[in-house]
Peer 1: 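There's a structure below that I have some questions on.
The first residue in the sequence is number 1, and the count goes up from there.
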Amino acid sequence: MTKSTSLGRHTASGLAVAVAAATAAAVGLVASPASAAEPWESLTVPTTYASISVLPFDNKDAYAKSVPFCFDECSSSPKLWQRTGGTWKQTTPPSDAEVGVLAGTGVNDLWVFGSRYAATGSYRFNHYDGTKWTSNLNPEPKNAEVLDAEAVSRNSVWAVGNYRATDGGWHPMATHWDGSAWKTTKLTGIEGQFNAVDVNSDTDIWAVGYRDKGDTTGDYQPLAMHYDGTEWREVPVPETPGQMYILNEVISNGPNDVWIASGSKVSQGNGKTWTRHDTPASWPKFAYHNGQLYAGLYGSPKLVRWNGTAWVQDTSLTQGAQVDQLTTTPDGSLYAVHSEGNSVFWYNAFLSRLAPPTTG
């Protein structure tokens, strides 16, 4: 499955990046053997001086979203790009919404989830078949906001975010496209939202975010839930009372092997309990490649791998100061968006591909 592009939900502070190197030893970072590094293929980006996120399908076709880096006299509205045969071109986005989260299975199957900023503002689910847009398929555009999404197939797409109730409350929300309509599950017994989703199959899905337990930001505590094809079940995460703890990233290798993250706080779960394995820098973006878990970071080191007991620094990705996105394609390739930017400015964006493992 191809992971969505929802870059922007992660924000790193300068302090977190600055202290990352000093705390590396404390979180179990070890040096990477030179022989472990694999060569990355450098790919063209649709534009520079922008925040970029990609939705690749194979080594030739992809979509991307860019948010320009600019001062004063330019528009920061996101732009949509299509890569066909290795060449990028700007694509006309849906006319009724700003480009937000992307998900899909190919150049003729793209979902764009975004907002319409107007007096009649709403949350839009738009589909592109490679030729034309089908506008706003969201059955509840005033209430259901998508923050992350992932496609299993053309007839199965999962998205998560929040549902804004008529009483003003926000509730975690998961919605599913079955090939003909979106069907939404609203967890109205919980105040909060989902920020990220990871889909192994229609019967093995993790979603994470936060639960609002009070009136201050310190009352935002972690929320992790698993869907087994029948119901959503919460797997409690240890809280940090009085300190905001919002989950922004999740990846799983089955219902009993899941990783979640908030800042540099990283935990591995077995479906029942969690064990902390913090990363040496903040805001990890997870992906599996060749059976290994990678984490791209906002800081130094910018790329690490989990060796079963500790995070191992990987120096093979040479360009840039941070990794903004990691994602994979069905053929087993790993893609990295990396840049020279920071939490305020993005510039000199790079796109690289790590080929799938060879067999034989």
Side-chain angles (χ1 to χ4, degrees), residues 1-4 6 9-10 27-30 32 36 38 148-152 156 158 160 172 174 194-210 222-239 245-297 303-314 323 325-336 354 356-357:
M1 276 165 286
T2 302
K3 186 65 177 172
S4 70
S6 49
R9 70 174 185 260
H10 307 296
V27 297
L29 180 68
V30 297
S32 173
E38 300 180 63
D148 196 16
E150 191 168 344
V152 179
S156 182
W158 291 88
V160 300
F194 287 138
N195 291 323
V197 66
D198 188 69
V199 183
N200 280 313
S201 71
D202 288 322
T203 59
D204 183 13
I205 302 169
W206 284 89
V208 300
Y210 71 90
L223 176 66
M225 301 191 75
H226 181 259
Y227 181 70
D228 62 5
T230 302
E231 64 179 355
W232 287 95
R233 177 180 64 89
E234 183 172 1
V235 180
V237 179
E239 298 183 354
Y245 188 1
I246 296 175
L247 298 175
N248 293 295
E249 186 76 11
V250 60
I251 193 168
S252 65
N253 193 26
N256 300 319
D257 184 12
V258 58
W259 293 77
I260 57 176
S262 171
S264 61
K265 298 189 192 75
V266 174
S267 297
Q268 182 183 23
N270 61 10
K272 296 180 180 179
T273 60
W274 301 93
T275 303
R276 284 282 289 273
H277 300 295
D278 293 357
T279 48
S282 292
W283 308 107
K285 279 69 64 179
F286 295 131
Y288 279 101
H289 180 263
N290 196 19
Q292 287 194 302
L293 178 64
Y294 283 74
L297 306 174
L303 185 66
V304 294
R305 292 179 287 109
W306 180 251
N307 71 359
T309 57
W311 292 107
V312 176
Q313 183 175 359
D314 189 314
V323 173
Q325 181 193 6
L326 288 180
T327 190
T328 56
T329 49
D331 70 354
S333 295
L334 174 63
Y335 290 80
L354 198 57

Peer 1: Looking at T273, D257, T275, which hits side chain to side chain donor-acceptor pair (under 3.5 Å) with Q268?
Peer 2: D257

Peer 1: Quick one: ring-ring contact (aromatic ring centres under 6.0 Å, His included) partners of F286, sequence neighbours excluded?
Peer 2: none

Peer 1: Taking ring-ring contact (aromatic ring centres under 6.0 Å, His included) as the definition, give me every residue that meets it alongside W274, ordered by chain and number, with sequence neighbours left out.
Peer 2: none

Peer 1: Output all residues satisfying side chain to side chain contact (heavy atoms under 4.5 Å, CB included) with S264, sequence neighbours left out; order by chain, then residue number.
Peer 2: T279, S282

Peer 1: Among Y288, Y294, W259, whose ring-ring contact (aromatic ring centres under 6.0 Å, His included) with W306 holds?
Peer 2: W259

Peer 1: Step by step, work out the side chain to side chain contact (heavy atoms under 4.5 Å, CB included) result for Y210 and V237.
Peer 2: CA-CA 10 Å; Y210 71 90; V237 179; over 6 Å; no

Peer 1: The criterion is side chain to side chain contact (heavy atoms under 4.5 Å, CB included); which residues satisfy it with D202, sequence neighbours excluded?
Peer 2: V152, S156, W158, H176

Peer 1: Could you check whether any side-chain heavy atom of Y245 comes within less than 4.5 Å of a side-chain heavy atom of E239, counting everything from C-beta outward?
Peer 2: no

Peer 1: For a quick test of reading the model, state the closest non-hydrogen atom pair linking P172 to L223 and the distance between them.
Peer 2: CG-CD2, 3.6 Å

Peer 1: Can you list everything that forms a side chain to side chain donor-acceptor pair (under 3.5 Å) with S252? Sequence neighbours excluded, please.
Peer 2: D198, N200

Peer 1: Please say which of V235, V199, V160 ends up in a side-chain contact (heavy atoms from CB on, under 4.5 Å) with W206.
Peer 2: V235

Peer 1: Using residues 225-234 as the side-chain source, report each donor-acceptor pair under 3.5 Å to any protein atom, sequence neighbours left out, with the distance given to one decimal.
Peer 2:
{"residue": "H226", "atom": "NE2", "partner": "D204", "partner atom": "OD1", "Å": "2.8"}
{"residue": "Y227", "atom": "OH", "partner": "G229", "partner atom": "O", "Å": "3.0"}
{"residue": "D228", "atom": "OD1", "partner": "T230", "partner atom": "N", "Å": "2.9"}
{"residue": "D228", "atom": "OD1", "partner": "E231", "partner atom": "N", "Å": "3.0"}
{"residue": "E234", "atom": "OE1", "partner": "R211", "partner atom": "NH2", "Å": "2.4"}
{"residue": "E234", "atom": "OE2", "partner": "R211", "partner atom": "NH2", "Å": "2.9"}

